[in-house]
Amino acid sequence: RDGTSPRPLVPAAAALGFLMPAWTKTTISAGMKRSSAMKSTTARSAWLVTGHIGTATAQIYKALGARVLVNDIAYDPALEPFAEYVDRETIFKEADIISLHTPLLPSTRGMIGEKELKKMKKTAYLINMARGALIDTSALIKALKDGEIAGAGLDTLADETTFFGQTNVAEKDVPADYKELAAMPNVVITPHVAFFTQTAARNMVQIASNDAITIANGGRSRNEIRY
């Protein structure tokens, strides 16, 4: 019996997911950036699979007046007050901001590729805080260069383990796709740290410890992973 403690990660990751589109495209004072999609409170934001972090982020957008669209294989009635379930075609066609909160499975690997990017609005932003391999990186770079989408916020990349969190990484070992994305003015990259705050780290350890004691004493944890 294994467990995970996602709850402490939700607030910090949700906040970064909300801020990423605001850090791209138009440079303003102090090096901060703001997206044109965020200038209107009627922006349509969409989530492909929700989960804890996606749900929390969606609530933030809804509170600010956005229309929130969701596509997920599992229906959650708790989302009804602030989100609309739609098909993927509707999301690609209508969303100003598309945020991925999806596990990496054989069925989701490369789920955002050339075909999907071409369906998106030219003013749309793609946010990935889940797993890098959900996106075809080459297709994303091409779409950004060709102006098929407005920008991207990436907290994860397909080949991130070779340099994210590593020390003394030689220049030659940094992937070319990372260098190209990092140089783009309409792309923000963070090193898979959306979850990381002192509070989140402390709570993660505390919740995991409490859950281990609960399970050892014959109880059940809401964070338990069942195989």
Side-chain angles (χ1 to χ4, degrees), residues 1-20 45-63 68-86 88 91 98-112 126-135 153-167 169 189-227:
R1 298 168 69 183
D2 297 322
T4 182
S5 50
R7 283 177 290 152
L9 317 183
V10 171
L16 183 60
F18 170 73
L19 289 171
M20 271 186 162
S45 56
W47 277 255
L48 296 180
V49 181
T50 50
H52 295 283
I53 295 171
T55 297
T57 315
Q59 288 175 310
I60 294 175
Y61 276 100
K62 181 64 175 180
V68 180
L69 310 177
V70 174
N71 179 268
D72 198 329
I73 58 173
Y75 170 73
D76 183 358
L79 292 176
E80 286 289 354
F82 55 88
E84 305 170 41
Y85 277 90
V86 298
R88 289 192 182 185
I91 284 180
I98 295 180
S99 186
L100 306 181
H101 301 276
T102 309
L104 181 60
L105 305 169
S107 59
T108 61
R109 182 178 293 274
M111 65 184 290
I112 303 295
L126 179 62
I127 309 298
N128 186 11
M129 295 167 37
R131 294 292 181 266
L134 297 174
I135 298 175
L154 309 171
D155 187 50
T156 176
L157 297 170
D159 47 9
E160 65 182 47
T161 56
T162 62
F163 57 102
F164 279 178
Q166 304 298 319
T167 58
V169 178
I189 300 176
T190 50
H192 214 144
V193 293
F195 72 95
F196 193 78
T197 64
Q198 289 185 345
T199 300
R202 181 178 64 249
N203 290 347
M204 184 166 52
V205 172
Q206 184 177 22
I207 289 174
S209 298
N210 290 341
D211 285 350
I213 294 171
T214 297
I215 292 172
N217 290 332
R220 286 190 174 181
S221 163
R222 63 178 290 187
N223 303 311
E224 186 175 344
I225 298 174
R226 299 179 183 279
Y227 296 97

For Arg109 against Ala133, the heavy-atom pair lying closest together: NH1-CB, 3.5 Å

With rounding to the nearest 0.5 Å, note down the distance linking OG1 in Thr190 to CG in Asp155. 3.5 Å

What distance separates Ile215 CD1 from Asn210 CG, expressed to the nearest 0.5 Å? 11.0 Å

In Å and rounded to the nearest 0.5 Å, what is the CG to CD1 distance from Asn71 to Ile91? 4.5 Å

Rounded to the nearest 0.5 Å, what separates atom CE in Met111 from atom CG in Leu104? 10.5 Å

Rounded to the nearest 0.5 Å, how far does CD1 of Ile127 lie from CD1 of Ile135? 9.0 Å

Tell me whether Asp76 contacts the main-chain N or O of Ala78 through its side chain, where contact means a donor paired with an acceptor under 3.5 Å. yes

Please name the residue in the list Ile207, Val205, Asp211 that meets the side-chain contact (heavy atoms from CB on, under 4.5 Å) test with Ser209. Val205

Side-chain heavy atoms of Leu100 within contact of Thr108, under 4.5 Å: no

Going by heavy atoms in the side chains, are Phe82 and Val70 under 4.5 Å from each other? no

When rounded to the nearest 0.5 angstrom, what is the spacing between OG in Ser99 and CG in Asn128? 8.0 Å

